[in-house]
Amino acid sequence: SHLMNFVRRWWAAKEFSRLFATAEQPDPVCEERAWRLTRSILAAWVERARDRGIRPLIVMIPSWNQIYVGRDDKVDPRTERVIALARARGVPVIDLRQALRAGTQPREPVFHPRDRHLTPYGHRLVAAFLQECLFLMKVIPDPRRGERRAPGRDTFPDGCIAPVSS
């Protein structure tokens, strides 16, 4: 019945809110536990990738708030922790925040307003930025010339974070 579906959805929303604290009231114990688990998973992933001859790379996909509000009080500290961990492990990071902020236009949204997933335009921005970063990291050849690096280009665009030299 409609009433039963309404009650079920209402209860699920309440339960979700209870389990996942809002940005105004994050549970520090849960945050720390989640970070320890995330750190362990990422460290194991990096180690296993390198053991197999694979160069690990982390791409940070921002939240809707990080692009349209300019910050996300809950996600920003997590993003910075992951970037710091990646740098400590010598893993390159591509942070899409600046590229997506720079690409926002009134008539071409980067995220769908309802579900806050990337739009086709947002995906095109991400693809172009990834292509440039991967080319500058010497991972892919220049699609225009088949070269491995842009002549005379030694700087990475903002958000394309090179690994710390070891």
Side-chain angles (χ1 to χ4, degrees), residues 5 9-10 12-13 15-17 19-26 30-31 34-35 37-39 41-42 45-46 48-49 54-164:
N5 284 332
R9 279 194 300 268
W10 175 83
E15 191 65 10
F16 182 86
S17 295
L19 292 173
F20 302 100
T22 64
E24 293 78 35
Q25 54 202 321
C30 287
E31 283 287 315
W35 171 244
L37 178 61
T38 301
R39 185 180 56 216
I41 290 169
L42 288 174
W45 171 73
V46 167
R48 293 189 85 183
I54 299 168
R55 288 175 50 189
L57 169 71
I58 295 176
V59 178
M60 302 298 295
I61 300 172
S63 70
W64 186 92
N65 282 347
Q66 286 177 307
I67 300 306
Y68 288 108
V69 177
R71 65 180 173 72
D72 188 323
D73 293 336
K74 193 169 188 179
V75 176
D76 285 340
R78 295 172 181 168
T79 300
E80 297 309 319
R81 282 178 124 176
V82 170
I83 290 172
L85 175 65
R87 282 186 168 171
R89 303 264 175 182
V91 175
V93 176
I94 298 176
D95 184 354
L96 299 172
R97 286 179 290 187
Q98 291 177 343
L100 290 177
R101 283 180 192 142
T104 57
Q105 300 175 8
R107 295 190 178 180
E108 287 278 3
V110 173
F111 287 97
H112 289 286
R114 290 189 76 159
D115 69 5
R116 297 185 175 186
H117 285 86
L118 286 171
T119 62
Y121 172 70
H123 281 284
R124 286 193 300 274
L125 287 175
V126 168
F129 190 70
L130 286 176
Q131 183 178 28
E132 181 176 3
C133 289
L134 293 175
F135 168 61
L136 291 171
M137 291 175 170
K138 301 178 185 179
V139 174
I140 62 170
D142 183 347
R144 298 171 300 262
R145 294 186 290 273
E147 298 172 6
R148 282 272 180 205
R149 184 150 176 121
R153 180 103 187 248
D154 291 327
T155 59
F156 291 93
D158 287 341
C160 187
I161 303 167
V164 175

Any V59 side-chain heavy atom under 4.5 Å of F129 side chain = no
Compare all side-chain heavy atoms of L57 with those of V139 and state whether any distance is below 4.5 angstrom.
-> no
In short, F135 meets P141 closest at the heavy-atom pair CD1-C, 3.8 Å
Roughly how far apart are T79 OG1 and I61 CD1, rounded to 0.5 Å?
-> 11.0 Å
Taking atom CZ of R39 as the centre, report whether more than 12 heavy atoms of other residues, nucleotides or ligands fall under 6.0 Å from it.
-> yes
Side-chain contact, heavy-atom cut-off 4.5 Å: M60 with V75?
-> no
So which heavy atom on P56 is nearest to which on P92, and how close?
-> O-CD, 3.3 Å
Salt bridge between R78 and D72, side-chain N to carboxylate O under 4.0 Å?
-> no
For I54, does the CD1 atom have more than 12 heavy-atom neighbours from other residues, nucleotides or ligands under 6.0 Å away?
-> yes
Taking it one step at a time, do V93 and R87 satisfy side-chain contact (heavy atoms from CB on, under 4.5 Å)?
-> CA-CA 8 Å; V93 176; R87 282 186 168 171; 5.6 Å; no
Note, R81 side chain near T38 side chain (heavy atom, < 4.5 Å) = no
Side chain proximity check, V126 to L118, heavy atoms < 4.5 angstrom = yes
Scanning both residues in full, the closest heavy-atom pair of Q131 with I140 reads O-CD1, 3.6 Å
Closest contact, heavy atoms only, T119 versus H112 = CG2-N, 3.4 Å
What residue pairs, at least two apart or across chains, pass ring-ring contact (aromatic ring centres under 6.0 Å, His included) with a residue in residues 66-90?
-> W64-Y68
Check L100 against G122 and note the closest heavy-atom contact, atom names and distance.
-> CD2-O, 4.0 Å
Kindly list each side-chain donor-acceptor pair under 3.5 angstrom involving residues 102-111, sequence neighbours excluded, with atom names and distances?
unit_1 : atom_1 : unit_2 : atom_2 : d
T104   : OG1    : R101   : O      : 2.9
Q105   : NE2    : Y121   : OH     : 3.1

How far does CG of L125 sit from CG of L96, to the nearest 0.5 angstrom?
-> 9.5 Å
Can you sort out the partners of R89 under side chain to side chain contact (heavy atoms under 4.5 Å, CB included), two or more places apart, ordered by chain and number?
-> A43, L85, V91
